[in-house]
There are 2 protein chains.
Amino acid sequence: MDETADPPPLSAPATVEEFRDRLADLAERLPRRLRQCADYIAANTDRIAVSTVAELAAGADVPPSALMRFCQILGFSGFSEMQRLFREAYSPGWPDYSTRLQNLKAGEAGSPSALLGEFIEAGRLSLEALAKSVDEAALSQAVQLLSRAETIHIVGLRRAFPVSSYLAYVFEKMAVPAMLHDGVGKLDHRFALRPGDAVLAITFAPYSTETVALALDAQQRGLPVVALTDLPTSPLIRAASAVLMVQEVDFGAFRSLSATIALAMTLAVAVGSARG
Amino acid sequence: MDETADPPPLSAPATVEEFRDRLADLAERLPRRLRQCADYIAANTDRIAVSTVAELAAGADVPPSALMRFCQILGFSGFSEMQRLFREAYSPGWPDYSTRLQNLKAGEAGSPSALLGEFIEAGRLSLEALAKSVDEAALSQAVQLLSRAETIHIVGLRRAFPVSSYLAYVFEKMAVPAMLHDGVGKLDHRFALRPGDAVLAITFAPYSTETVALALDAQQRGLPVVALTDLPTSPLIRAASAVLMVQEVDFGAFRSLSATIALAMTLAVAVGSARG
DNA sequence: CAGATTTTGGAATTTTTATTCCATTCTTCC
DNA sequence: GGAAGAATGGAATAAAAATTCCAAAATCTG
C-alpha cells in the first residue's frame with residue numbers, strides 16, 4: 001500500500017542548459033527505445049521547436065507514445081511543455097554557413113576558430129575538386145578488381161594510415177575479408193598475399209617505401225593492385241592495375257583528408273555491395 | 001456571367017525571399033486589419049515557424065480570422081501552409097549543393113560515381129554543420145589543456161581510430177610528445193599516464209568501452225581529459241574537462257569523417273603552435 | 001523455466017489549433 | 001442620408017495534434 005514514492009517528482013528543466021544536463025545525466029540508464037529518443041533529441045535539439053510529436057518520433061524511429069514517455073521522464077508534463085521551452089528560446093540561426101565561416105576565419109588570426117575555418121574550407125575545396133576530377137572508369141575498374149578478390153590487403157602508412165585503417169574498419173563491418181598491413185613490429189607480412197587476393201595500396205608524397213614495396217611485390221606475383229595516390233608521378237603507378245587519383249587542398253603544411261576518405265569509402269561500400 | 005477573374009490565382013511563395021517580395025508588394029493596398037497583419041508579420045517573420053495562429057493574431061492585435069484571410073491573400077491555402085515554409089526553411093535546409101554534385105548523383109543509382117556523390121555531399125554537410133555549431137570556448141579550453149600537458153595521450157578505437165592515428169601523426173610531425181593508445185595486444189598502457197600529462201579521448205556512438213575506461217581512469221588520477229565525441233549523452237562527457245562535439249552526416253549506415261578530422265587537425269595544429 | 005516486472009506499440013480519447021461561415025459593421029459614392 | 005459593397009469579428013466546425021491507457025512482448029529474477 002505504501003508505494004514508496006518512485007521517481008523523485010522532478011520539475012521540468014527551465015533552461016536549455018538544464019535540459020541538456022538532465023538529458024546527459026539520464027541517457028545512460030534509459031531502456032532501448034527511450035535511449036533512441038534521447039540520442040535523436042540530443043542530435044536534433046534545434047528541431048524540437050518546429051516539429052510535431054509524430055515528426056520527431058518518426059525521426060527517432062520510435063512510436064509517438066515512446067516520445068511522450070521520454071518527455072515525461074525528463075520532467076515535463078508532456079511534449080507541449082517541452083516544446084514551449086524551445087519555442088521561447090528559439091532564435092533562428094539565420095546567419096548561414098558562408099557567413100558563419102567568414103566569422104570563424106575573421107576571428108583573431110591564429111586563434112583556434114580561425115584555424116578551424118581554414119580547415120573546413122580546405123576540406124570543402126578538396127571535396128569539390130574530387131567531384132570534378134574523378135575518373136569514373138578507373139573507379140569502376142577498381143571496384144571490379146577488389147570485388148573479385150578473395151582477401152583484400154590494405155596497405156597505407158603514415159599520412160595514409162588513417163585512410164587504410166578506416167577502410168579496414170568498413171570492410172570488417174561489411175564482412176568483407178580484408179587484412180590491414182599496419183607495419184606493427186616492422187613485419188611486412190608479404191607472404192600473406194595469396195593467389196586470388198588483391199592489394200589496395202595508398203600513399204601520398206612523400207611516398208612510403210614499405211607501401212610501394214608491397215605493391216610491387218604483389219604485382220610481380222600477378223595479383224591485381226589498386227592504387228590510391230595523389231600524382232601521376234607516384235611510384236605506385238607502375239605497380240597498379242587501376243589508379244585512383246585524389247588531390248587534397250593544403251592548408252599550410254597540413255593536409256585535409258576529406259576527399260581521400262570520401263573516395264575510400266566509396267570504394268569500400270561499392271565493393272561491399274558488389275560482393276553482396 | 002463573366003465575373004472578371006477576381007484576384008489572379010496566386011500560387012504560394014516557395015521561398016522566404018519570394019515571400020518577402022510579395023509581402024512588400026501587397027502591403028500598401030491592404031485594408032486596415034490586413035495591413036496590421038502584414039506589418040506585424042514583416043517585423044516578426046522569425047516567429048512564424050514557432051507560433052500558432054492565435055498567438056500571432058494576438059501579437060498583431062487582430063482576430064485569428066483576419067490572420068487567416070491574410071495568409072490566403074498571400075497565396076497560401078491557409079496558415080499551416082505558410083508555416084510549413086518557415087519551418088522547413090529553418091533547420092535542416094542547408095542550402096545550395098553545387099550542381100556538379102547533382103550530376104554525380106544522377107548517374108545510375110548504385111553506381112560507384114553515384115555513391116561517391118553521396119559521400120562527397122555527406123562530407124560537405126558535415127563540414128557546414130561543424131562551422132555552425134562549433135563551441136569556441138570549449139575549443140580554446142581544450143587547446144589550453146593540451147598545450148600545458150607534458151605528454152598527450154591519444155585514445156580512439158574502431159571508427160575513431162583513423163582520427164586518433166592521424167592526430168598521432170600530426171603531433172609527431174610537430175615534435176609534440178604524444179602517445180597513441182591503439183589497443184595492440186589488448187594492452188591498455190594505463191600506467192603510462194603520468195602526473196602532468198593529458199588525455200585526448202575520441203569516441204562516437206556506439207562508444208568504445210576501452211576509450212571511456214581510460215578517460216575515467218585519467219580523470220580519477222586528476223589528469224585533464226579532452227573529449228571529442230558526438231552527443232551530449234556520450235559517456236565520455238562526465239570524464240572530461242573540455243568537450244568538443246561534432247556530428248557527422250550519415251550516408252546510409254556509413255559515416256563521413258570530414259568534420260571530425262577537420263576539428264582534430266585544428267586542435268593538433270593549435271596545440272602545436274601554442275607549444276612553440 | 002515460471003512468475004514478476006518492465007518496456008513497448010498502437011488504438012482510443014482529449015485537447016488544442018486551424019479554418020470556415022455568416023451576421024454585423026464600417027466605407028464609399030451617389 | 002441611404003444603398004451597395006467590402007471588411008470585420010466571433011461563434012461553429014473541422015482537422016490535427018497531443019496525451020492516455022492497456023494488452024502484448026520483452027526482460028529480469030529466483
Side-chain angles (χ1 to χ4, degrees), chain A residues 1-10 12 26-41 44 47-88 90, chain B residues 2-8 10 12 26-41 44 47-88 233:
Chain A
M1 51 197 75
D2 70 325
E3 352 130 328
T4 32
D6 26 12
L10 293 169
L26 254 51
E28 305 201 343
R29 343 168 204 134
L30 290 176
R32 189 169 124 265
R33 280 284 113 106
L34 295 178
R35 182 68 202 260
Q36 268 174 263
C37 293
D39 287 342
Y40 183 80
I41 290 292
N44 300 76
R47 300 191 50 167
I48 297 175
V50 295
S51 302
T52 65
V53 172
E55 285 164 0
L56 290 175
D61 198 25
V62 301
S65 52
L67 210 130
M68 287 304 298
R69 237 171 286 137
F70 171 77
C71 297
Q72 287 161 355
I73 285 175
L74 253 63
F76 298 101
S77 68
F79 173 75
S80 298
E81 192 178 316
M82 179 170 107
Q83 190 176 54
R84 185 159 45 246
L85 173 64
F86 288 93
R87 286 192 166 177
E88 277 159 13
Y90 165 98
Chain B
D2 71 327
E3 353 131 324
T4 33
D6 25 11
L10 292 168
L26 254 53
E28 305 203 337
R29 350 175 196 126
L30 290 175
R32 187 167 125 265
R33 281 283 116 109
L34 296 179
R35 180 69 197 264
Q36 269 175 262
C37 293
D39 289 344
Y40 183 80
I41 289 294
N44 299 76
R47 303 296 313 171
I48 297 176
V50 295
S51 303
T52 66
V53 173
E55 286 163 1
L56 290 175
D61 198 27
V62 301
S65 51
L67 211 131
M68 286 305 297
R69 239 170 288 140
F70 172 78
C71 297
Q72 287 161 355
I73 286 174
L74 253 65
F76 299 101
S77 69
F79 173 75
S80 299
E81 193 178 315
M82 180 170 103
Q83 190 176 53
R84 185 160 46 247
L85 173 64
F86 288 93
R87 286 188 168 180
E88 276 161 12
T233 56

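Naming convention: chains lettered A, B, ... in sequence-line order (proteins, then strands); numbering from 1 in each chain. Because only heavy atoms are used, hydrogens play no part in the values below, and waters and symmetry mates are left out as well, while side chains stay in.
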Give me the first and last nucleotide of DNA chain C, going 5' to 3', that has any atom under 4.0 Å from a heavy atom of chain A.
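Extent of the interface on DNA chain C: C/dT7 to C/dG10.
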Only counting residues at least two apart or in another chain, list the ones meeting side-chain contact (heavy atoms from CB on, under 4.5 Å) with B/Arg84.
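With sequence neighbours excluded, B/Arg84 shows a side-chain contact (heavy atoms from CB on, under 4.5 Å) to B/Glu81, B/Glu88, given in chain and number order.
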Mind checking side-chain contact (heavy atoms from CB on, under 4.5 Å) for A/Leu85 and listing every partner two or more places apart, or none if nothing turns up?
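Testing A/Leu85 for side-chain contact (heavy atoms from CB on, under 4.5 Å), a comparison that skips the adjacent residues, returns A/Phe19, A/Phe76.
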Test side-chain hydrogen bond (donor to acceptor under 3.5 Å, both in side chains) applied to A/Gln83 - qualifying residues, sequence neighbours left out:
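Counting only residues at least two positions away or on another chain, A/Gln83 forms no side-chain hydrogen bond (donor to acceptor under 3.5 Å, both in side chains).
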Residues in side-chain hydrogen bond (donor to acceptor under 3.5 Å, both in side chains) contact with B/Arg69, at least two apart in sequence or another chain
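So B/Arg69 forms no side-chain hydrogen bond (donor to acceptor under 3.5 Å, both in side chains) with any residue.
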Each nucleotide of nucleotides 24-30 of chain D classed B (base within 4.0 Å of a protein heavy atom), S (only sugar-phosphate) or -, in 5' to 3' order, makes -------
Between CD1 on residue A/Ile48 and CD1 on residue A/Ile41, distance to nearest 0.5 Å:
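These two atoms lie 4.5 Å from each other.
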Let me confirm one number: the OG-CZ distance from B/Ser51 to B/Phe86, rounded to the nearest 0.5 Å.
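So the gap between those two atoms works out to 11.5 Å.
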Set of salt bridge (charged side-chain N to carboxylate O under 4.0 Å, His left out) partners for A/Arg35, sequence neighbours left out
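A/Arg35: salt bridge (charged side-chain N to carboxylate O under 4.0 Å, His left out) contacts with A/Asp39.
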Go through the structure and list residues passing salt bridge (charged side-chain N to carboxylate O under 4.0 Å, His left out) with B/Arg32, not counting sequence neighbours.
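B/Arg32 satisfies salt bridge (charged side-chain N to carboxylate O under 4.0 Å, His left out) with no other residue.
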Donor-acceptor list for residues 53-67 of chain A side chains, cut-off 3.5 Å, not counting sequence neighbours:
residue	atom	partner	partner atom	Å
A/Glu55	OE1	A/Thr52	N	3.1

Between D/dA7 atom C1' and B/Gln36 atom CD, what is the distance in whole Å?
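So the two atoms are 13 Å apart, to the nearest Å.
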Degree of bending, the helix from C/dC1-D/dG30 to C/dC30-D/dG1 (end axes from five pairs; round to 10°)
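Inter-axis angle at the termini of the helix from C/dC1-D/dG30 to C/dC30-D/dG1: 30°.
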Check nucleotides 11-18 of chain D against the protein and report each pair of N or O atoms closer than 3.5 Å, with its distance, or say if there are none.
residue	atom	partner	partner atom	Å
D/dA18	OP1	A/Val53	N	3.3
D/dA18	OP2	A/Val53	N	2.8
D/dA18	O3'	A/Ser80	OG	2.9

